[in-house]
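Notes to accompany the following structure.
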Amino acid sequence: MASTSPSSDGNSQPGAELPDLPATGPLQALANAGWQIRLTTGLAAIALGVVIFAWPRETLQVVGVLFGVYLLLTGVFELASAFGAHIPRHLRALHFLTGALSVLLGLLCLRGTLESILLLALWIGFSWLLRGVMTTAIAASSDAMPARGWMLFSGIIGMLAGIVLIVSPFTSIAALTLVTGVMAVVLGVIEVFHAIRLRVEIGRLPTGTHAKRRPVLGSRPHPQH
């Protein structure tokens with residue numbers, strides 16, 4: 001339906017389009033923020049990888065302390081929820097036990113570096129082992145599951161990785177730290193590359209983008225008398 005605009009005598013004429021108005025450029029601002037965020041996260045990832053390579057032992061100590069703080073906070077929240085009115089009575093004892101155990105493990109992590117690294121390695125190892133067992137069991141029990149072979153492979157790899165972490169926690173967690181450093185550097189370089197490409201594409205956008213103005217309410221042709 002053609003838009004109308006009022007003529008000089010006050011009557012609206014069909015077919016006359018309203019003039020185009022320049023856009024305010026919110027998409028341009030959003031695109032600029034996007035490439036800047038990508039560049040910042042990429043540089044931060046590269047810096048993290050360099051720090052891991054330069055000070056692997058200190059990085060493990062920091063990660064161990066953060067893991068202890070995480071366990072401590074989780075335990076406190078679990079203890080608090082054990083006394084909540086929304087928790088059924090038969091589950092309060094379970095919440096209390098898990099919260100007390102988390103607080104105890106968190107305090108043990110904060111006590112020394114070796115304890116925190118050991119608990120972190122065991123935590124990751126048991127998580128990978130249980131996840132691998134569940135994935136393998138689900139894939140083996142369903143013949144019609146899509147990508148069944150890939151799930152079996154990933155489940156077996158997860159189980160093996162968990163067993164290695166449990167059997168040799170200190171060596172495995174050190175190797176895992178170095179792998180994390182490599183991944184951080186690689187992902188950071190990719191993010192920086194994408195940020196530069198995005199910045200180049202934004203520079204090629206036309207600056208005189210115009211947007212059609214919507215017809216004003218009520219600007220309809222008057223009924224013919």
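Taking each heavy atom of L119 and C109 in turn, the nearest pair found is CD1-SG, 3.5 Å. Closest heavy-atom contact between W128 and A161: CE3-CB, 3.5 Å. Closest heavy-atom contact between G132 and T136: O-OG1, 2.7 Å.
Residues forming a ring pair (Phe, Tyr, Trp, His ring centres under 6.0 Å) with W123 (at least two apart in sequence, or on another chain): F67. Applying the ring pair (Phe, Tyr, Trp, His ring centres under 6.0 Å) rule to F153 yields the partners W150; only residues at least two apart in sequence or on another chain are considered. E78 meets the salt bridge (Lys or Arg N to Asp or Glu O under 4.0 Å) test with no other residue; sequence neighbours excluded.
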Run the side-chain contact (heavy atoms from CB on, under 4.5 Å) test on H194 and L198 for me, step by step, so that the C-alpha distance in whole Å, both residues' side-chain angles and the decisive distance to 0.1 Å come before the verdict.
CA-CA 6 Å; H194 282 298; L198 183 59; over 6 Å; no

Kindly determine whether L72 and S102 satisfy side-chain contact (heavy atoms from CB on, under 4.5 Å), including the steps that lead there.
CA-CA 6 Å; L72 187 61; S102 295; over 6 Å; no

Step by step, would you call V185 with F53 a side-chain contact (heavy atoms from CB on, under 4.5 Å)?
CA-CA 10 Å; V185 172; F53 287 135; 4.0 Å; yes

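We find the CZ-CG distance between F193 and L39 to be 13.5 Å, quoted to the nearest 0.5 Å. Atom CG of residue L105 and atom CG of residue L120 lie 12.0 Å apart, to the nearest 0.5 angstrom. Here M151 contributes atom CE and I156 contributes atom CD1; the two are 12.0 Å apart, rounded to the nearest 0.5 Å. Separation of atoms CH2 (W55) and OG1 (T177) is listed at 15.5 Å; rounding is to 0.5 Å. The line from CG of L71 to CG of L110 is 9.0 Å long, rounded to the nearest 0.5 Å. In this structure, CG in L79 is found 11.0 Å from OG1 in T74, a value given to the nearest 0.5 Å.
Residues L97 and L104 do not share a hydrophobic cluster, clusters being chains of Ile/Leu/Val/Met/Phe/Trp/Tyr side chains in contact below 4.5 Å. One hydrophobic cluster, built from ILVMFWY side chains closer than 4.5 Å, holds both I190 and V182. Grouping the Ile, Leu, Val, Met, Phe, Trp and Tyr side chains by contacts below 4.5 angstrom, directly or via other members, places L48 apart from L176. I52 and I173 are not part of a single hydrophobic cluster, where members link through side-chain heavy atoms under 4.5 Å apart. Hydrophobic cluster membership differs between V164 and L129, with clusters built from Ile, Leu, Val, Met, Phe, Trp and Tyr side chains linked at under 4.5 angstrom.
Under the 4.5 Å side-chain criterion, counting only non-hydrogen atoms from C-beta, L165 is not in contact with L122.
The closest donor-acceptor contact from the side chain of T171 to the backbone of S168 lies at 3.5 Å or more, if one exists at all. Side chain of T41 to backbone of R38: a donor-acceptor contact under 3.5 angstrom is found. In this structure a side-chain-to-backbone donor-acceptor pair under 3.5 Å is missing from S172 to P169.
Residue F77 qualifies as open at atom CZ: its count of foreign heavy atoms under 6.0 Å is 12 or below.
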